[in-house]
Each structure stands twice: as structure tokens, then as C-alpha cells.
Amino acid sequence: MRFDKKIGMLLIITAAFLAPLVLGSYSILVLSEIFVTALFALSLNFVLGYGGMLQFHQAVFLGVSAYAYALFVLHNGSLIVGAILGPIIAVLFGTVMGVFLVRLSGIYFGMLTLALGQLVWAVVFRWYSFTGGGNGIPSIPLPGFLSTSTERYEATLIIFLVSAFLLYKIINSPFGLLLRATGENDTRAESIGANTKTIRLAGLILSSFFAGISGISYVIYSQSVSPDILYWKKSAEILVICLVGGIYTFSGPIIGSVVIVLITTIASQYTEHIAFILGIILLVSVLFMPEGIVGSIKKRIGDRIAADKKYK
Amino acid sequence: MLQIKNISKSFDKFLALSNISFNAPTGKITAIIGPNGAGKSTLFNIISGHLKPDGGKIILKDKDITGLAPHAISSLGIGRTFQIPSLFPKLTVKENIMAASIVHNRTTFKFFGLDSKSEIVTDSIIDKMNLSEFSGTPVGSLPYGVGKELEIAIAIATDPKLLLMDEPTAGIPKTEVGQIIKKIKDLCELENITVLFTEHDISFVLSIASKIVVMNYGELIFEGTPEEAMKSSDVKEIYLGKDA
Ligand SMILES: Nc1ncnc2c1ncn2[C@@H]1O[C@H](COP(=O)(O)OP(=O)(O)OP(=O)(O)O)[C@@H](O)[C@H]1O
Ligand SMILES: [Mg+2]
């Protein structure tokens with residue numbers, strides 16, 4: 001079973017690397033968007049599904065990282081330093097916000113993420129002279145080795161794979177176990193001696209780091225930034241992706257990204273009411289697959305295995 | 001080991017604990033008994049830091065621990081179980097125990113790899129508590145009784161010097177109670193753990209505790225050996241009814 005899974009994954013990854021040989025440039029761009037979105041979703045689910053924290057405004061960290069890169073490069077900074085600076089700025093925001101956030105829990109935590117996030121958005125939106133305001137920053141320079149669409153595609157793929165691997169490792173580390181424990185039962189975690197505030201802060205910082213990485217990936221994909229990428233709608237969208245895919249599994253947010261990006265890409269050719277379609281998808285999934293796509297499939301398989309055992 | 005000094009606690013105007021003082025001697029098993037609402041769980045929550053007392057002090061080996069945060073109290077060597085199992089439902093039995101073991105082993109902030117030392121400790125606790133059958137089962141789907149045993153296993157994994165158990169046998173079928181109690185007793189003797197626990201069932205308390213504290217309506221009404229408790233008219237009145 002494990003062996004099959006590994007081979008399957010290897011096949012998918014190989015296929016992904018070779019995709020530009022057979023697919024057109026538009027399809028490649030959509031796949032890039034999936035990789036950017038999937039990493040962004042994984043960064044959110046790290047705190048949402050595993051850490052049990054209602055992070056309603058994850059887009060801030062993607063946004064500030066992308067803007068940090070864009071602004072640094074625009075002011076003649078080195079491209080590589082800019083790419084490193086992005087996630088660092090995201091971590092800075094994650095740390096400062098986290099210090100306040102970990103004092104709260106449940107819905108109060110969620111309200112504060114929204115408030116703080118919208119504050120950052122407002123600053124970016126209003127500070128026209130520095131950020132370009134509502135226009136954003138078009139045509140951001142990228143390093144020479146990312147000049148073709150295939151190169152940019154492969155870059156988003158590699159960034160996604162490496163980050164997903166690291167996140168998977170962290171979730172299965174001692175820290176990951178304590179993050180999950182804290183997310184499930186804060187009181188109990190405290191009474192086994194865990195400093196749950198520090199654990200949740202560390203979780204938020206790591207999450208903002210990976211969201212920051214996805215911000216760099218976003219710039220590689222789109223070569224532009226606008227305030228929309230850190231508006232609350234962007235955060236709501238990624239929340240829906242996690243919920244639809246399933247927040248209690250590692251692959252849930254990835255599958256959610258594939259499904260939602262494909263559906264919205266196709267639907268946007270026919271309608272402008274994408275939010276409405278997202279709403280319907282969420283409604284259907286909450287009603288029929290409360291544990292998300294991956295969660296429900298795993299449960300079905302699990303039930304079948306259990307049933308098989310019964311009749312043996 | 002543990003000294004409770006003049007602890008009081010009210011909820012709004014309701015006096016849940018009134019000036020409670022006693023101590024739990026090192027290496028011994030002390031039982032707190034008392035009817036529903038006597039204030040036993042409230043006292044435990046104060047000792048473990050989940051509630052702050054209105055007055056009084058909790059002293060652990062000459063150290064004043066009153067009002068410390070629960071995680072700080074746990075790391076000073078006080079482990080506890082909850083009357084109603086309070087576990088990590090999506091984690092497996094093994095992960096539940098290992099979480100405690102990791103914290104105790106100070107590898108909480110290890111972000112990659114495993115903690116093999118904690119894993120070894122966890123496996124041995126699973127073994128001692130006869131939980132291997134459920135090792136890989138998510139805790140949310142366990143029978144209630146197993147949850148109660150897991151409570152104890154988790155507390156043991158924090159390697160406590162003092163173990164607080166809030167009604168460890170409540171909700172467990174009467175036929176299994178004796179067995180579990182014996183397991184607890186052996187384990188604590190083996191690891192030299194001081195125990196303070198609460199219980200409804202007086203008969204089994206008499207068989208394992210070397211000291212008994214009786215509470216009623218937030219007041220301490222008796223403190224002494226099981227033999228003395230048997231003779232006390234106050235204890236009889238609460239426990240066996242006035243006409244006993
Ligand atoms: N958080 C709270 N707010 C208000 N009243 C409370 C609270 N916790 C406990 N009480 C009250 O304090 C009294 C003591 O409760 P406690 O749970 O300590 O009793 P107990 O001895 O553990 O009882 P039991 O045997 O039923 O577990 C009860 O009357 C209870 O209703
Ligand atoms: Mg109680």
C-alpha cells in the first residue's frame with residue numbers, strides 16, 4: 001500500500017515536470033496557479049486544520065511577501081535578495097500579529113485575524129506613492145533564469161514540492177504532534193506541561209513563512225501584484241479551498257486547490273459571479289462531505305476496510 | 001509533598017471551597033472523598049492551576065505554586081487526570097501519550113525528525129497499562145473505560161512526582177474497578193509517585209489509601225487513616241446516611 005502510494009506520487013510528479021512538453025501555455029499557466037494556490041492552502045491548513053486556529057486572513061502573509069519582493073526589486077534591489085526578503089517580511093508580520101493573536105481563542109482569534117489583516121490591506125491600498133495603491137505593481141522583473149513560461153512553471157512546481165515536503169516533515173515532527181494536540185484540546189495540552197501560547201505562536205510564524213514563500217511563487221506566476229491578493233476575499237477563497245478539500249488531512253488542501261482552481265477557471269469563461277459559485281461548492285461540500293473531499297474518501301475506504309474485517 | 005493551606009473559592013456568591021487545609025504525604029496514597037458537589041474537582045483545578053483560589057496557598061515541597069499556569073505546574077512534577085476524559089480525540093492512543101512524553105523530554109520545539117526517547121517511554125507505558133490493542137486507534141472512537149485508563153497513561157507520561165486523579169474509576173463497570181485500581185497502585189509504588197485522588201466508592205478507597213480526607217459542601221470534615229474514617233460518626237453520617 002505504502003509502496004503503491006510512493007510510485008503513484010512519483011508518477012504524478014514526473015508528469016508534472018514533463019507537462020510543458022505536451023500542454024499549451026494557457027494550461028501551463030493554470031497548473032502554475034494550482035501550485036501557488038496549493039502551497040498557500042497548505043500554509044493556512046498548518047494553523048487551521050492542525051493548529052485549530054481560526055485564521056481568517058491568511059492572504060496578508062502571501063501579500064506582504066509578494067509586495068516586499070516587488071517593491072525591493074523596483075527600488076533596484078537584487079532579485080534574489082528580494083525573494084528572500086519576502087518570506088522574512090511575512091514572518092515579521094506573522095510574529096507581531098501572532099503575539100496578540102495567541103492571547104485569544106476561538107472566534108475572537110478569528111475576528112482579530114480579520115481586523116489586523118484588513119488593516120494591512122488598507123495601508124497597501126491607500127499608500128499610493130509607495131505601493132501603487134489600487135493599481136498595484138505591474139510587470140515585476142524576475143531573474144534571468146525565469147524568462148520563459150516553462151521556466152516559471154517549473155519554478156512554481158519546485159517551490160511547491162520542496163515546501164510541501166518541509167511542511168509534511170514538520171507536521172510529523174515532535175512539534176507537529178504538539179501543535180495538533182494544542183489545536184484539539186488546549187486545556188489538556190496545558191496540563192501535560194505544554195506552553196500552548198508559545199506553541200501556537202510558533203505555528204503562526206511557520207505558517208506565515210510558508211505563506212510568504214507562496215507569495216514569491218505568486219509573483220513568479222503572475223509577475224504583478226495588486227491589493228486584491230491581500231484582500232479578505234482572497235483569504236475567504238483559500239479557506240473554502242481548505243474546507244472543501246478537507247482540513248484534517250495533509251493532501252486535502254492540495255486536492256481542494258486542484259478542484260477549485262479548475263472549476264473557477266472554467267466557470268470564469270461563462271460568469272463573473274465566482275464568489276457565488278464558491279458559495280455553492282462550499283454549501284454542497286459542507287452538506288455532503290463535512291470532512292472535505294479527501295476526508296470523506298478516507299472515511300469511505302476506512303469504513304469499507306472495517307466492514308471487510310467484520311465479515312471475515 | 002503537597003500542602004493545601006486555607007484554600008477558599010467562590011463562584012459568584014456560592015462558596016465552593018471554604019478554608020480547606022490538609023497535606024498529602026510523600027510516597028503515600030491520599031484519597032479525597034465526598035458526595036456530589038463537595039468541591040473535590042474544584043480543589044483539583046486549583047492545585048493544577050486551572051482555577052485561581054480566592055485565598056490560601058498551595059505548597060509543593062516548600063515551593064509556593066499558587067496561581068501558576070497549568071503548564072508550569074505540570075513541569076514542576078504534578079500530573080493530573082480529568083473526571084470526564086479530556087483527551088486529544090483525533091490523535092491515536094500512542095500519539096496522546098507521546099505528546100505528554102515529548103513535552104516532558106523537552107523536545108516540543110524539535111521541528112524535524114522524531115524523538116525516539118519519547119517513543120520508547122510511550123511504548124513502555126502502553127505496555128504497562130495494557131493498551132497495546134488500541135495503540136493505533138484514534139481516541140475519539142474508544143470505549144469510555146479505555147479513555148479513563150488513557151487519562152492515567154497520559155498523566156504518567158509526564159513523569160509526575162505527584163499524581164492527581166479525579167475519580168479515576170467513575171463510569172467504569174464495577175467488575176473492572178478492582179483491576180484498574182490495582183494497576184494504579186502497583187504503578188505508583190513502582191515509580192514512587194505520590195497520589196492524591198478523589199473517589200465516590202468508599203469501600204475501594206479504604207483498601208488502597210493510607211490517608212483519607214472527607215469533604216462535604218466545600219468544607220473539610222475529616223482527615224485521618226482509613227480505620228479512623230470507619231469509626232468517625234461524621235463520615236458515617238454523610239456516607240451511610242444518618243441512621244447507619
Ligand atoms: N465553574 C463553576 N461555576 C459555578 N459553579 C461551579 C463551577 N464549578 C463548580 N461549581 C459548583 O461548585 C460545587 C463543587 O463542584 P465540584 O465539581 O468541585 O464538586 P465535586 O466534589 O467534584 O462533585 P462530583 O462528585 O459531582 O464530581 C458544585 O456545587 C458546583 O455546582
Ligand atoms: Mg468532581
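Within every chain, numbering begins at 1; the chains are lettered A, B, ... in the order of the sequence lines, protein sequences first and strands thereafter.
Proximity of a side-chain donor or acceptor of B/Lys110 to a complementary backbone N or O of B/Leu114 within less than 3.5 Å is detected.
Between chain A and the residues B/Ile154, B/Leu76, B/Val103, the largest count of heavy-atom pairs under 4.5 Å involves B/Val103. Comparing B/Pro70, B/Ser101, B/Ala72 by how many heavy-atom pairs each has under 4.5 Å with chain A, the most go to B/Pro70. For the set A/Leu179, A/Ile199, A/Leu166, the count of heavy-atom pairs under 4.5 angstrom toward chain B peaks at A/Ile199. For the set A/Asn172, A/Thr196, A/Thr198, the entry with the most heavy-atom pairs within less than 4.5 Å of chain B is A/Thr198. When the candidates B/Ser118, B/Ala100, B/Pro160 are compared by the number of heavy-atom contacts under 4.5 Å with chain A, B/Ala100 comes out ahead. Top candidate by heavy-atom pairs under 4.5 Å with chain B, chosen from A/Leu178, A/Thr187, A/Asn195, is A/Asn195.
Contacts of A/Ile170 with chain B are made by both backbone and side-chain atoms, with heavy-atom separations under 4.5 Å. Heavy-atom distances place the side chain of A/Leu206, and not its backbone, under 4.5 Å from chain B. If you measure heavy-atom distances from B/Glu151 to chain A, the contacts under 4.5 Å come from both the backbone and the side chain. Within the 4.5 angstrom heavy-atom criterion, only side-chain atoms of B/His50, from C-beta onward, approach chain A. Residue B/Ile102 touches chain A through its side chain alone, counting heavy-atom pairs closer than 4.5 Å. Residue A/Ile171: no heavy atom, backbone or side chain, is found under 4.5 Å from chain B. Only the side chain of A/Ala202 comes within contact range of chain B, with at least one heavy atom under 4.5 Å from a heavy atom of that chain.
For the 3.5 Å distance criterion, the side chains of B/Ser48 and B/Arg80 qualify, holding a donor opposite an acceptor. Using modelled atom types and a 3.5 Å distance limit, the side chains of B/Asp166 and B/Thr81 yield no donor-acceptor pair.
With ring centers used as reference points, A/Phe250 lies under 6.0 Å from A/Tyr168.
Counting heavy atoms from C-beta outward, A/Phe210 and A/Leu42 have side chains that stay 4.5 Å or more apart. Side-chain contact between B/Glu199 and B/Ile32 is absent, with no heavy-atom pair separated by less than 4.5 Å.
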For A/Asn185 and B/Ser86, what are the C-alpha separation, side-chain angles and deciding distance, and is it a side chain to side chain donor-acceptor pair (under 3.5 Å)?
-> CA-CA 8 Å; A/Asn185 188 343; B/Ser86 170; 2.8 Å; yes
Assess whether side-chain contact (heavy atoms from CB on, under 4.5 Å) is satisfied between A/Ile238 and A/Val240, documenting all intermediate values.
-> CA-CA 5 Å; A/Ile238 207 68; A/Val240 170; over 6 Å; no
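With A/Gln58 as the fixed residue, the side-chain hydrogen bond (donor to acceptor under 3.5 Å, both in side chains) test singles out one of A/Ser214, A/Ser208, A/Ser235, A/Ser207: A/Ser207.
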